[in-house]
Amino acid sequence: MAPGGPDDDEFEELRAEESNAMVRLFGEYGRGQRTRFAVGGLASVFSTLMELVPAFLLGVAIDSFLAADQPFRLPFVPRSWLPSAPVEQFAFLIGLLAASHVLGAALGWLNSWAWNGFAQHFQHEMRVDAYDAMQRRELSFFDDKQTGEVMSILNNDVNQLEGFLTNSLNQGIGIVFRVGGMGAAMLLINWRLGIVPTVIIPALGYASYVFVRRIHPKYQEVRSSVGQLNSQLENNLGGIEVVKSYTTERFETDRVEASSREYLDAQWDAITTRIAFWPTLRLVTAAGYTATFLVGGYWVMVNRGIVAEPLPFFNGALTAGTLVVFLSYSRRFVYPMRQFGQIINDYQYAEAAGERIVGLLDTPSGVTDRPDAVELDGLEGAVEYDDVSFAYDTEDGEEQVLDGVSFEVDPGEMVGLVGPTGAGKTTLMKLLLRLYDVDDGAVRVDGTDVRDVTLRSLRQSIGYVSQEPYLFYGTVRENIAYGIPDADDEDVEAAAKVAGAHEFVVDLEDGYDTKVGERGVKLSGGQRQRVSIARAVLKDPDVLVLDEATSHVDNETEAVIQNSLDDLIEDRTAFAIAHRLSTVRHADTILVMDDGELVEQGTHEDLLAEDGLYATLWSVQVGEIDALPEEFIQRTAEREQAGLDD
Ligand SMILES: Nc1ncnc2c1ncn2[C@@H]1O[C@H](COP(=O)(O)OP(=O)(O)OP(=O)(O)O)[C@@H](O)[C@H]1O
């Protein structure tokens with residue numbers, strides 16, 4: 001199954017064990033926002049209650065002076081405040097109506113202000129924490145995930161919560177009070193008639209429940225098909241050069257077409273379910289409205305003596321004004337209930353997103369400081385690998401990469417690491433930085449196991465220039481001084497000179513202030529390598545690891561860099577991985593790796609005299625191609641094939 005496929009949610013494992021992720025997130029991030037939450041919530045309740053006022057005032061107006069002559073009464077208002085003349089009563093009601101609208105609007109504003117503030121701060125703190133937790137995860141966490149997938153937690157999932165927090169939760173509170181308030185008001189005014197329209201509340205609730213049950217799996221399908229489509233697009237854009245050079249545009253368009261169609265089908269399935277829901281709600285509400293009109297209207301007519309032989313239920317007072325209030329309220333059920341289905345839906349999305357975020361926040365990194373880890377205060381530079389074995393966890397199980405590797409390096413030594421591609425050289429060095437932990441054996445620095453020192457002090461003592469140097473978007477200066485904010489311009493330039501970068505940097509349009517990286521000036525592979533060497537030089541580490549650090553530069557430039565590096569590494573331990581053997585020819589020791597094992601060790605001269613793998617590789621590089629034994633070629637081919645089969 002291709003990574004990112006619909007059935008291959010690698011983030012499934014991140015889903016928290018916790019049954020209610022939202023509660024956990026509220027406890028963590030809502031706590032600091034209590035005031036905003038309380039103000040927003042109360043404002044929502046009162047502004048919702050204000051919506052009940054106009055219809056009620058209309059009912060009073062009808063009964064007291066528009067159509068009948070009932071006494072002018074208002075709940076919560078002392079009788080002595082109420083005017084007696086109809087015209088004054090009318091003016092009084094108009095005043096109240098205006099005041100309720102103004103108050104409702106002010107409360108609505110307060111609600112939006114407090115609520116949006118609550119949601120944004122909540123989300124901001126959660127996003128930063130999620131990012132922090134993510135970058136602390138061990139490197140293997142990132143190995144089997146596409147960047148897009150990792151981004152999806154930080155973006156999609158956090159944003160998914162934004163929608164829920166900003167709108168749905170607020171609306172949810174409003175709905176509970178709107179529906180509850182209208183239901184309670186009707187039951188209080190006339191409980192017998194109140195039963196008729198309020199019966200539709202559970203009916204609408206049940207219809208919403210059925211809807212959510214049906215739509216949920218369909219939305220899941222939409223989500224996975226959109227994920228698949230995104231992966232497809234991301235892959236194609238990343239490989240656009242290959243697509244063009246192999247003229248596979250047609251093939252790729254067909255693949256995108258297939259993914260897009262899957263998305264279309266999933267969406268259409270969800271849409272057809274959704275659009276059937278609204279008319280259902282309308283019909284249920286209309287039934288409630290009609291029933292209220294039927295019962296209430298009949299009742300009013302009984303009271304007015306229009307019906308000759310009334311049925312037994314219809315006795316007691318019911319005025320036309322009260323009926324108008326009931327009809328107005330029962331009509332207003334439909335909109336909140338319609339929103340209700342959406343809110344339940346949003347909640348389910350938010351819960352799923354919350355689970356992934358909580359999973360990320362709560363899963364500790366596989367590589368962390370031990371509780372009693374010591375702080376390294378500078379390194380002498382002695383390095384020891386003691387029977388080290390290591391395997392990568394892959395989808396198909398473990399892939400053994402290093403097998404019982406042992407060697408010792410004295411402080412200040414320059415070590416060359418050579419061997420065929422895939423032999424495990426880079427992996428060996430990653431264990432020194434504890435980017436991964438050994439499975440067996442130990443890596444020691446100055447006699448201390450790297451697992452017994454703090455990650456921060458260990459990694460600060462080691463300068464690592466990787467095979468594929470990465471430049472951040474920013475100036476050349478910022479890239480060289482990365483991690484060393486107090487470096488001044490002279491330091492940066494001096495480091496660039498050692499790395500052979502100064503000459504080309506001053507030729508750039510803005511020199512050290514030229515923006516590079518994504519969206520910036522594109523540097524060549526060799527130029528990037530030199531900036532990245534300068535970065536390591538400026539760090540002034542006790543141990544330097546150069547992984548094919550000069551593989552992209554020409555022979556002359558390499559010689560220049562080598563020269564200046566010689567001075568730099570004179571009194572520090574340095575490891576240099578190189579395919580171009582001339583790079584490490586003068587190393588104090590050369591370690592020769594083959595298929596995860598350390599097969600030879602010694603100086604250039606020793607190894608030539610040994611006439612083993614190193615001697616073979618050397619003769620190939622100096623032009624004696626035929627020197628490569630058939631058995632070696634065979635083995636390399638087999639290894640490549642095994643790699644392809646994986
Ligand atoms: N993150 C990873 N997950 C799984 N397998 C990996 C990972 N990184 C490397 N490997 C595998 O480990 C083996 C050793 O890789 P490594 O990069 O250490 O070799 P190398 O000797 O540095 O190769 P090269 O000279 O080509 O850079 C290879 O077979 C590679 O496929």
Side-chain angles (χ1 to χ4, degrees), residues 2-4 8 10 13 137-147 149-150 365-367 383 385 388-405 407 415-441 443 462 464-470 525 528-529 532 544-553 558 574-584 587 590-601 613-614 616-618 620-621 628 632-633 635-646:
D8 176 42
E10 295 183 22
E13 68 195 63
R137 292 300 300 265
E138 69 284 4
L139 199 58
S140 53
F141 170 84
F142 299 91
D143 282 345
D144 53 353
K145 292 171 183 66
Q146 298 191 357
T147 318
E149 288 179 275
V150 181
S365 171
V367 178
V383 174
Y385 277 63
V388 167
S389 296
F390 176 76
Y392 284 109
D393 288 328
T394 62
E395 269 183 22
D396 314 320
E398 296 212 319
E399 187 191 340
Q400 195 70 30
V401 175
L402 295 173
D403 208 357
V405 178
F407 63 87
V415 182
L417 252 175
V418 302
T421 186
K425 306 176 294 289
T426 301
T427 307
L428 194 69
M429 287 297 103
K430 286 185 172 168
L431 298 181
L432 179 62
L433 282 134
R434 257 195 101 195
L435 293 175
Y436 300 91
D437 269 339
V438 297
D439 293 333
D440 271 314
V443 179
I462 303 173
Y464 178 64
V465 182
S466 72
Q467 245 174 50
E468 288 302 328
Y470 184 80
R528 280 207 307 273
Q529 285 192 324
S532 141
L544 189 62
V545 178
L546 304 168
D547 188 353
E548 298 274 351
T550 47
S551 56
H552 292 314
V553 300
E558 184 184 25
F575 291 87
I577 300 178
H579 280 294
R580 208 189 275 158
L581 300 185
S582 55
T583 313
V584 293
I590 298 171
L591 305 174
V592 186
M593 299 283 301
D594 188 18
D595 209 8
E597 292 179 27
L598 178 59
V599 289
E600 290 166 26
Q601 177 173 4
L613 178 57
Y614 182 84
T616 310
L617 293 173
W618 179 258
V620 173
Q621 290 206 357
L628 215 54
F632 182 82
I633 297 176
R635 210 145 44 84
T636 310
E638 278 169 13
R639 198 167 34 233
E640 291 301 313
Q641 189 54 44
L644 285 178
D645 291 345
D646 286 348

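No experiment lies behind these values; they were computed from the predicted model shown. As the structure lists them, so they are numbered: ligands from 1, and atoms in each ligand from 1.
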Check whether any heavy atom of Gly422 sits under 4.0 Å from an atom of ligand 1.
-> yes
Hey, does Phe575 have a side-chain heavy atom less than 4.5 Å from the side chain of Leu428?
-> no
Return the residue, atom name and 0.1 Å-rounded distance of the protein heavy atom closest to atom 1 (N) of ligand 1.
-> Asp143 OD2, 3.0 Å
Who pairs with Arg434 by salt bridge (Lys or Arg N to Asp or Glu O under 4.0 Å), at least two apart in sequence or on another chain?
-> Asp437
Does Thr394 reach ligand 1 with a nitrogen or oxygen that is under 3.5 Å from one of the ligand's nitrogen or oxygen atoms?
-> no
Quick one: which ligand 1 atoms are inside 4.0 Å of a heavy atom on Gln467?
-> 27 (O)
Output the distance between atom CD (Gln529) and atom CD (Glu468), rounded to the nearest 0.5 Å.
-> 7.5 Å
Is the Trp618 ring parallel, tilted or perpendicular to the Tyr614 ring (thresholds 30°, 60°)?
-> parallel
Selected option - heavy-atom contact closest to atom 29 (O) of ligand 1, from Glu398, Glu399, His579 | Glu399
Residues which pass side-chain hydrogen bond (donor to acceptor under 3.5 Å, both in side chains) with Ser365, listed by chain and number, not counting sequence neighbours = Glu138
Here the atoms of ligand 1 under 4.0 Å from any heavy atom belonging to Thr427 are 14 (C), 15 (O), 16 (P), 18 (O)
Any nitrogen or oxygen of Gly424, main chain or side chain, under 3.5 Å from a nitrogen or oxygen of ligand 1?
-> yes
Identity and separation of the nearest protein heavy atom to atom 20 (P) of ligand 1 | Lys425 N, 3.6 Å
When distances are taken from atom 26 (O) of ligand 1, the protein heavy atom at minimum range is Thr421 OG1, 2.4 Å
Should you measure from each heavy atom of Tyr436, which atoms of ligand 1 turn up under 4.0 Å away?
-> 1 (N)
Between atom CG of Leu402 and atom OG of Ser389, what is the distance when rounded to the nearest 0.5 Å?
-> 7.5 Å
What residue and atom, counting heavy atoms only, is the protein's closest point to atom 10 (N) of ligand 1, and at what distance?
-> Tyr392 CE1, 3.3 Å
How far apart are the closest heavy atoms of Ala578 and Val418, and which atoms are they?
-> O-CG1, 3.5 Å
Report yes if some heavy atom in the side chain of His579 is under 4.5 Å from a heavy atom in the side chain of Lys425; otherwise report no.
-> yes
Aromatic plane relationship, Tyr436 with Tyr392 - under 30° parallel, 30 to 60° tilted, over 60° perpendicular | perpendicular
Are any of the N or O atoms of Val401 closer than 3.5 Å to those of ligand 1?
-> no
Against heavy atoms of Thr426, which atoms of ligand 1 measure under 4.0 Å?
-> 17 (O), 18 (O), 20 (P), 22 (O), 27 (O)
